[in-house]
Amino acid sequence: IILYKDSQKKLLDLKNLIKNSKKIRLFVGPEGDFSEEEIEFLKKQKDTYFVSLSYTILRSETAAILSVGIIEYTRIVGI
């Protein structure tokens, strides 16, 4: 799962994937976001999902904590 500010898909759109996955890799971009080269590379990888968290841009460390919280909540509660 790649957090990307320009994605139209939200993290909760992947709730079925999250609930059924044993392992999830979460990629959070650095301050200033991923470079175009990094985005193009990631798009070529299999089983990658680009999602955004909100309409506002969060700091990298805040986005990581929030994402893990959403993922764990989805797994435990099964929303």
Could you pull out the closest heavy-atom pair between [X] and [Y], with the gap in Å?
{"X": "Thr48", "Y": "Leu42", "result": "OG1-O, 3.3 Å"}
{"X": "Leu53", "Y": "Ile70", "result": "CD2-CD1, 4.2 Å"}
{"X": "Ser21", "Y": "Ile24", "result": "CB-CG1, 3.9 Å"}

Kindly check if the number of other-residue, nucleotide or ligand heavy atoms within 6.0 Å of CD1 (Ile57) is above 12?
no
How about Lys9: does its NZ atom have over 12 heavy atoms from other parts shown lying under 6.0 Å from it?
no
List the residues meeting side chain to side chain contact (heavy atoms under 4.5 Å, CB included) with Lys15, not counting sequence neighbours, and say none if there are none.
Thr74
Tell me, please, which residues at least two apart from Phe41 pass side chain to side chain contact (heavy atoms under 4.5 Å, CB included).
Gln45
Please list, chain by chain and in numerical order, all residues satisfying side-chain hydrogen bond (donor to acceptor under 3.5 Å, both in side chains) with [X], sequence neighbours excluded.
{"X": "Lys5", "result": "none"}
{"X": "Arg25", "result": "none"}
{"X": "Ser35", "result": "Glu37, Glu38"}
{"X": "Ser67", "result": "none"}

Enumerate the residue pairs fulfilling salt bridge (charged side-chain N to carboxylate O under 4.0 Å, His left out) with a member in residues 44-55, sequence neighbours excluded, ordered by first and then second residue.
none
Residue pairs involving residues 63-72 (criterion salt bridge (charged side-chain N to carboxylate O under 4.0 Å, His left out); sequence neighbours excluded):
Glu72-Arg75
Given side chains that start at C-beta, do those of Ile39 and Asp33 come closer than 4.5 Å, heavy atoms only?
no
Between the main-chain N or O of Gly29 and the side-chain N or O of Ser60, is there a donor-acceptor pair closer than 3.5 Å?
yes
Residue pairs passing the ring-ring contact (aromatic ring centres under 6.0 Å, His included) test with at least one member in residues 1-40, sequence neighbours excluded, are Tyr4-Phe50
Which residues pass the salt bridge (Lys or Arg N to Asp or Glu O under 4.0 Å) test with Glu61, not counting sequence neighbours?
Arg59
